Amino acid sequence: MLQPLRLIRIFIETSVRNETAYNANFWVGLLNSLLNFGTGLLGVIVLFGQIDAVGGWSFGSTLAVLGVYLTVGAVRDLFISPSLDSLTGMDGEVWVGTFDFTLLRPVDTQFLASVRRWRLFALFDLLLGLDVLAAAVTRLGTTLTAIHLITFLVTLAAGTLTLYAILLAFSGLVFWSPGFLFSWVFDGIFQMARYPVRLYPGALRLLLTWIIPVGVITTIPAQALTGELSPVVLIGSLGFSIALLVGASLLFRGGLRRYASASS
Amino acid sequence: MNHRGGLALIEQTWLSWMQHRSFFFLLAFGWMVPPLIYLFVWSTAAGGGTIGGLTRGEFVAYYLVLIVVNQLTYAQTNWTVGDLIRDGRLSKLLLYPMSPLYNTLATELAGKVVYMIFAIPITAILALVLRPELHLSAGQVIAFISALGLAWLLRFFWGYWLALLAFWITRADSLLALQDALIFLLAGQVAPVALLPGVLKTAAIALPFRYMAGFPVEVLTGQAAGVDLVTGFALQIGWTAAAIMLYLALWRRGVRHFTAIGG
Amino acid sequence: MTQFQIIVQDLTKTYRVPEREPGLKASIRSLYHKTYREVPAVKAISFRIEAGERVGFIGPNGAGKTTTLKMLAGLLHPSGGEALVAGFTPWQRKPDYLRQIAMVLGNKSQLMWDIPAHDTFRVLAEIYHVPASQFDATLGELVDLLDLGDLLSRPVRNLSLGERMKCELAASLIHHPAVLFLDEPTLGLDVSMQRRLRKFIAEYNRRHNATVILTSHYMADVVELCPRVILIHHGELLYDGPLAGLSEKLAPFKLIRLALREPIDGNLPEGIHIVSQENGSLTLRVERRDTAAITAQLLRTLPVIDLSVEDPPIETVIDQIYQEGAI
């Protein structure tokens, strides 16, 4: 029962050792975090320096979307991306062949592939994201009720799960095309989640809501925070993220089977 | 200098790049996304009216041109120069009877062709769907081409001298990340420079970053005209000259330093 | 049945590879109608291995050795046949099975590159549920046997290839596997390091009665480590038995080396093939069954200083099979 937690603990410890092997990375990481935070924030400030609202989204609620974007992105950088990225690309395990070792371990492969590398510096990004969320709430001037907060946390968790499912599915595709950097494609699309999906034109909005649902990841939790979320959307988004997770796991497992039958 | 050797190198580099084009298409796609986001954000915000004097269609035109200009001027080779210095492969290049600058230029030119193969069709499709408003005159086009050439020179050499700091500083590539962020903010990506609030706008006009991407676009769309156009060109030429001089000075000192410590 | 650690029956693996014809037309056609070609890699091989045996898989590149090894380790799903290793079907990949085995791949590393190997070991101990006391004891033994010394506390990237390989071996033994698959464990190592690793593997096998299956291109590994060899060629099992038997079966001849007082000009007896001739020394190849008679005849007719009879070097024998593809 406690085995997964103990494994995660030792993965975190080992990752910390791995990172402290390079001191210089700390300053580079700090710089990149601040740049990501600064450019995101200034983007919203510049936009709302010219207008008061766009498509029903005020400065405060757009800031909430950015806050969710930064927060979810921080969780992604904390362990999802560092772990999954080591599978893909030209120096990835599947291409190089060291994935055999991962398969040999007596632990669920998907679990192992998802939690084995951590980047604790992302906790700083998490802090910045929460700051932006706090600023958004202040700006909106609404008082947070317990219900608000709970629906927000639930949708935030659903959003994070959705993000994980998408990244897992993209990593699973590596078994069909070992050298292709699927996660790069997603990186580009994920950036669009900085702004409410409402700001994008029709076809793109549909794509971002249903096909590559980055909208679910950021727009819906922000709506929960501002109290504009209907119960239908709440339950729908939860069901959606669970369905996506199941689908992604099936795809990943299908990839493992393919690896076992086709690799040479 | 050995120009024929340089040309052969360019050809060879291009051929090898075409074989990995899907990889470079992915890179190009990544660079396209930020301006695309702000294209949608600003054109939605403008709706039926205007913001800062720009209509929806004008925002579309501005950002579509920016996408192409940004891909043309983005000097991705600057990232590899630092790697060459750090891992000592530069010493191999110093053995060739031509300047290593050719190597970088070869990759740069090869890259541009591949990126355009990706960017132009996509921009054309977007233009058909999003209906930009663009009124061109022959004068604007000529001025645009000169501004574009200068922008590429400026961005290339500015990044190159920053990358050369790798001779002395281990993580000089962080400065390139900083430059990318400043270009995002000040070179007309997050918003056309004219729409930036007070301090940012002043900084954008004075610093070199606007002249690496945003300025040629403003020239083509007619946002930079009259006095603005003249001072813009003056600043662009000034910064380009400064970047080339910095490159020359740092290259000479750097190679001396590199050979002295033995790579 | 149960005394066998590994039972393999008609194990078969056929790869399906997409057929690519040259030309634009063909590549467009292949977009909607992919044609596949069946490439047999392992063809219905069967063998049994007892617990504690050391067995060498030999055969030329592409013979199917690694494919067989990977099927036994559960990394590949076979196209047909059965296998039972330590009582499990490998490709079901049950955690209880995976805890029984270990695999070393000579050209790939399981160690984390930037930190000391000891950190990788701790992670592995957690993954394989190795209790702390057992971990310390195992590690102590491995440090002792492999002479790891301070290697474990240095970042892996600072180790030489040989030092790293010692750590790789140790990493795969942390959980006391009952079956050890070694795929080219000595690849690229210098001769003395190869010898050290071989000594270690033999000693480990003796102490813990672990079953060892090894593939190697260095015949010395096989000669020194494996009392039994399994020869695989074109996916078929050509020979299974002691190494000495292989050369007897494959090379029905012996080599006679002679040192002579003066060069000879006359004819040699029938059935003798001269392998090399240099000044006063002569190497002859003769049929195995005629060896005694010919030796006696040579001693009688030639000005012999010294004479010795040898088996041909195993490399020559193996090379002959690889070239001819049959016994």
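Predicted model, so just to flag it, every value in this text is computed and none were measured. Each chain gets a letter, A, B and so on, in the order the sequences are listed, and its residues count up from 1.
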Chain A: which of B:Phe184, B:Trp42, B:Trp31, B:Phe29 shares the most heavy-atom pairs with it under 4.5 Å?
-> B:Trp42

By a 4.5 Å heavy-atom criterion (distance strictly below it), what part of A:Leu47 contacts chain B: side chain, backbone, both, or neither?
-> both

Between B:Glu218 and B:Arg210, does at least one N-O distance fall below 4.0 Å, as a salt bridge requires?
-> yes

For chain A, the option from B:Val33, B:Ile37, B:Leu36 that forms the most heavy-atom pairs under 4.5 Å | B:Ile37

Select, from A:Val185, A:Ile51, A:Leu204, the one with the greatest count of heavy-atom pairs under 4.5 Å involving chain B.
-> A:Val185

For chain A, the option from B:Leu196, B:Asp180, B:Leu178 that forms the most heavy-atom pairs under 4.5 Å | B:Leu178

Chain A contact via B:Leu185 - side chain, backbone, both or neither, heavy atoms under 4.5 Å = side chain

Decide if atom CH2 of A:Trp210 counts as having more than 12 heavy atoms of other residues, nucleotides or ligands within a radius under 6.0 Å.
-> no

Side chain from CB out, backbone as N, CA, C, O: work out which of these in A:Asn32 comes under 4.5 Å of a heavy atom of chain B, or both, or neither.
-> side chain

Thinking salt bridges, do A:Arg76 and A:Asp187 make one under a 4.0 Å N-O criterion?
-> yes

Side chain, backbone, both or neither: which part of B:Leu200 has a non-hydrogen atom closer than 4.5 Å to chain A?
-> side chain

Checking heavy atoms, do the side chain of A:Leu34, its backbone, both or neither come under 4.5 Å from chain B?
-> neither

Determine, stepwise, if the pair B:Tyr63 / B:Tyr38 fulfils ring pair (Phe, Tyr, Trp, His ring centres under 6.0 Å).
-> CA-CA 8 Å; B:Tyr63 275 108; B:Tyr38 288 95; 7.1 Å; no

Between B:Phe25 and B:Tyr115, is the gap from one ring center to the other below 6.0 Å?
-> no

Please check if the distance between the ring centroids of B:Tyr74 and B:Phe156 is under 6.0 Å.
-> no

For B:Ala28 and B:Gln71, which heavy atoms make the closest approach, and how far apart are they?
-> O-NE2, 2.9 Å

